[in-house]
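Only one structure is covered here, and it is reproduced in the block below.
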2 protein chains.
Amino acid sequence: MTTPRAPRNSLTRERVIVGARALADARGLEALTIRALATHLGVKPMSIYHYVANKEQLLDALVDSVFEEFHLPQPDGEWRSELANRSRSVRDVVTQHPWALAIMETRTHPGPANLNGHEAVLEVLHRAGFTVEAAAHAYAILDAYVFGFALQDVMLRSIQLDTSAAELREEIDLRNHPRLGEMAEFYVHASSYPLDGTFELGLELALDGIGQLRTHIDTESLPSKADAE
Amino acid sequence: MTTPRAPRNSLTRERVIVGARALADARGLEALTIRALATHLGVKPMSIYHYVANKEQLLDALVDSVFEEFHLPQPDGEWRSELANRSRSVRDVVTQHPWALAIMETRTHPGPANLNGHEAVLEVLHRAGFTVEAAAHAYAILDAYVFGFALQDVMLRSIQLDTSAAELREEIDLRNHPRLGEMAEFYVHASSYPLDGTFELGLELALDGIGQLRTHIDTESLPSKADAE
DNA sequence: GATTTATATAGTACAAAGTACGATAATGAT
DNA sequence: ATCATTATCGTACTTTGTACTATATAAATC
């Protein structure tokens with residue numbers, strides 16, 4: 001009954017983080033406790049604290065491991081497609097880890113992958129001819145849209161999972177909410193995942209709008225040296 | 001030392017919720033514990049459970065009380081200005097209650113104020129001539145942008161509050177992040193709250209884009225009867 | 001006014017979770 | 001073979017939500 005002590009190299013910081021991700025993915029954020037994580041790793045709770053100062057720091061690392069998954073835009077690529085791909089990647093990854101946004105919101109120390117992502121996006125904008133000010137606007141607007149959309153994806157999904165359609169109908173009272181009823185109807189009969197199309201549509205809008213913020217000098221016609229640092 | 005029992009009408013559900021909001025506003029979400037709330041209300045912890053089944057339900061009510069604060073678009077107003085005002089209101093209210101987004105994310109039962117808000121927005125879109133499908137796109141895109149922007153507002157502010165500029169500079173390593181350095185510089189020297197302008201800019205973009213989704217029939221020229229249910 | 005009933009407030013106590021502190025065992029160094 | 005280092009772990013304390021039960025107060029009835 002008394003398990004022998006785990007071998008000396010059972011753990012690494014990496015394994016702790018990966019285990020935490022697995023637990024959160026499989027059983028949700030509220031199931032990610034130090035004790036559960038220890039069990040999952042075949043180890044006793046206090047062993048984890050050799051690799052992580054406290055749970056907050058574990059969550060910091062967890063969030064940054066999600067940022068690592070985002071597609072990094074290539075500085076020499078075409079800005080519009082690079083940003084579009086990064087945006088799609090962010091939405092995909094975030095919806096695959098529905099717990100991620102909740103943790104991101106409470107982080108106060110941006111991790112290296114997060115910072116690298118910012119740098120890469122800003123570099124793309126810079127090379128595309130955005131001034132610092134234009135880039136500030138463009139990035140804030142695009143990120144707001146992308147993370148906001150992912151937020152809605154996640155919230156919608158969690159409602160669907162936790163609350164049955166019948167339960168919802170009861171709570172909503174369709175007599176007083178005819179438009180909402182229409183909309184629900186529309187979504188029920190819509191194709192597989194109707195928000196995918198909506199996301200693309202809004203992404204085009206955002207990129208179109210952002211494009212207008214560029215300096216009107218067509219930087220692509222300039223010699224690349226003049227554009228470089 | 002032993003306080004006498006609190007008088008019989010010390011509490012109401014309303015007072016519990018208002019007290020919870022005050023606590024969260026003043027000391028943050030993590031300070032909102034049942035015990036702290038009880039002290040704040042001059043009452044013992046278990047008394048709260050006479051008005052609220054559990055803490056989850058309290059959070060449900062808390063979130064819905066925030067939705068109540070959002071400006072309700074007027075069905076007979078001009079769609080663009082109504083939606084713009086609602087959007088500004090959402091951002092303002094959410095940034096005034098930085099804890100709200102975190103709770104919203106984990107709710108699975110939309111409250112009445114939430115539903116009424118949806119209904120009002122959809123009604124405005126309907127009267128403006130949006131088909132159900134167009135309204136679905138428009139609403140999802142606009143909400144993604146607005147909540148996403150508020151999310152960034154909140155995250156940025158919490159980083160600023162919890163992490164000193166010096167601390168940040170140390171963690172960021174500006175040698176490897178020149179663009180990020182430029183951007184930080186720009187924000188430091190920018191006017192009072194530079195994101196306000198960015199929000200308005202993106203809002204115009206979103207509303208412009210959404211406008212293109214309308215049916216091209218100019219519904220405003222139709223007799224209102226033909227447009228009514 | 002006295003008695004009964006309903007209910008709002010509260011006391012006690014337990015479980016779950018983070019983690020401080022110190023012990024112990026496994027590895028490498030001398 | 002001894003020692004130093006350090007990865008793993010046991011114990012125990014604190015904080016939090018809250019189940020269960022008790023009690024006091026207001027309302028209702030006689």
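Proteins get letters first, then strands, A, B, ... in listed order; numbering begins at 1 in each.
A donor-acceptor contact shorter than 3.5 Å links the side chain of B:Q74 to the backbone of B:L72. Side chain of A:N114 to backbone of A:F67: no donor-acceptor contact under 3.5 angstrom is found. Put simply, the side chain of B:S89 gets close to the backbone of B:H71: a donor and an acceptor are under 3.5 Å apart.
A salt bridge links B:R179 with A:E123; the closest basic N to acidic carboxylate O contact falls under 4.0 Å.
The residue from A:L161, A:L151, A:T95, A:L195 that alone fulfils the side-chain contact (heavy atoms from CB on, under 4.5 Å) condition with A:L156 is A:L195.
A:E82 and A:P73 get closest at one heavy-atom pair: OE1-CA, 3.3 Å.
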Under 4.0 Å protein heavy-atom contact, by nucleotide of nucleotides 12-20 of chain C - B base, S sugar-phosphate only: B----BBBB

In 5'-to-3' order, the base (B), backbone-only (S) or no-contact (-) status of each nucleotide in nucleotides 22-30 of chain C, using a 4.0 angstrom heavy-atom cut-off, is --BSBS---

Ignoring hydrogens and angles, write down the donor-acceptor pairs under 3.5 Å from the side chains of residues 16-27 of chain A, residues two or more places apart or on other chains.
| from | atom 1 | to | atom 2 | distance (Å) |
| --- | --- | --- | --- | --- |
| A:R21 | NH1 | A:S65 | O | 3.3 |
| A:R21 | NH1 | A:S65 | OG | 2.9 |
| A:R21 | NH1 | A:E69 | OE2 | 3.3 |
| A:R21 | NH2 | A:E69 | OE2 | 2.6 |
| A:D25 | OD1 | A:H97 | ND1 | 2.8 |
| A:D25 | OD1 | A:W99 | NE1 | 2.7 |
| A:D25 | OD2 | A:H97 | ND1 | 3.2 |

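Sorted by residue number, the members of residues 9-19 of chain A with any non-hydrogen atom under 4.0 Å from DNA chain D read A:N9, A:S10, A:L11.
Each side chain to side chain donor-acceptor pair (under 3.5 Å) pair with one or both residues in residues 138-153 of chain A, not counting sequence neighbours, appears once here: A:R91-A:D153, A:H118-A:Y139, A:D153-A:Y193.
Every residue was checked against the ring pair (Phe, Tyr, Trp, His ring centres under 6.0 Å) condition with A:Y49, not counting sequence neighbours, and none meets it.
Enclosure of atom CD in A:E170 is not indicated, since only 12 or fewer non-hydrogen atoms of other residues, nucleotides or ligands lie within 6.0 angstrom.
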